[in-house]
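Following: one structure in structure tokens, then a few remarks.
Keep in mind that what you see is a predicted model, and the values were worked out from it rather than measured. The residues of the chain are indexed from 1 along the displayed sequence.
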Amino acid sequence: MTIFFAILLLIIGVLVLYFTGRRRFYRRGFSGLQQFRSYEAAVFIRLLENLFRLLAWILILAGLSLLLVFWYNH
């Protein structure tokens, strides 16, 4: 059961990183700068993306630590 949760956490973390990076990529204009509708949207979206990226890294680290626990116990 530990291996299932470890792999699930890893997959969710990687998917969150992928989708936040994809959104950043498609928000870039011709010059390579991110384009937002307003200043408030820029602040709010960047804050949410950074929080999701932090959460994703925490999930990845938790998944890796569960894999280490599983490996250590077997």
Members besides [X] in its Ile/Leu/Val/Met/Phe/Trp/Tyr cluster (side-chain heavy atoms under 4.5 Å):
X: F36; value: I45
X: I58; value: L54
X: L33; value: none

Identify every side-chain donor-acceptor pair in residues 9-28 under 3.5 Å, counting partners at least two apart or on other chains, and give the distances.
{"residue": "T20", "atom": "OG1", "partner": "V16", "partner atom": "O", "Å": "3.0"}
{"residue": "T20", "atom": "OG1", "partner": "L17", "partner atom": "O", "Å": "3.1"}
{"residue": "T20", "atom": "OG1", "partner": "R53", "partner atom": "NH1", "Å": "3.4"}
{"residue": "R24", "atom": "NE", "partner": "E49", "partner atom": "OE1", "Å": "3.1"}
{"residue": "R24", "atom": "NH2", "partner": "N50", "partner atom": "OD1", "Å": "3.1"}
{"residue": "R27", "atom": "NE", "partner": "Q34", "partner atom": "OE1", "Å": "3.2"}
{"residue": "R27", "atom": "NH1", "partner": "E49", "partner atom": "OE2", "Å": "3.2"}
{"residue": "R27", "atom": "NH2", "partner": "Q34", "partner atom": "OE1", "Å": "3.0"}
{"residue": "R27", "atom": "NH2", "partner": "E49", "partner atom": "OE1", "Å": "2.9"}
{"residue": "R27", "atom": "NH2", "partner": "E49", "partner atom": "OE2", "Å": "3.0"}
{"residue": "R28", "atom": "NH1", "partner": "G32", "partner atom": "O", "Å": "3.0"}

Could you list the donor-acceptor pairs under 3.5 angstrom formed by side chains in residues 59-73, with sequence neighbours left out?
{"residue": "S65", "atom": "OG", "partner": "L61", "partner atom": "O", "Å": "3.2"}
{"residue": "S65", "atom": "OG", "partner": "A62", "partner atom": "O", "Å": "2.8"}
{"residue": "N73", "atom": "ND2", "partner": "V69", "partner atom": "O", "Å": "3.3"}

Original post:
Do I7 and M1 sit in the same hydrophobic cluster, where Ile, Leu, Val, Met, Phe, Trp and Tyr count as joined when their side-chain heavy atoms come under 4.5 Å apart?
Top reply: no
**OP:** List for me each residue that meets side-chain contact (heavy atoms from CB on, under 4.5 Å) alongside L51, sequence neighbours excluded, and say none if there are none.
**Re:** L47
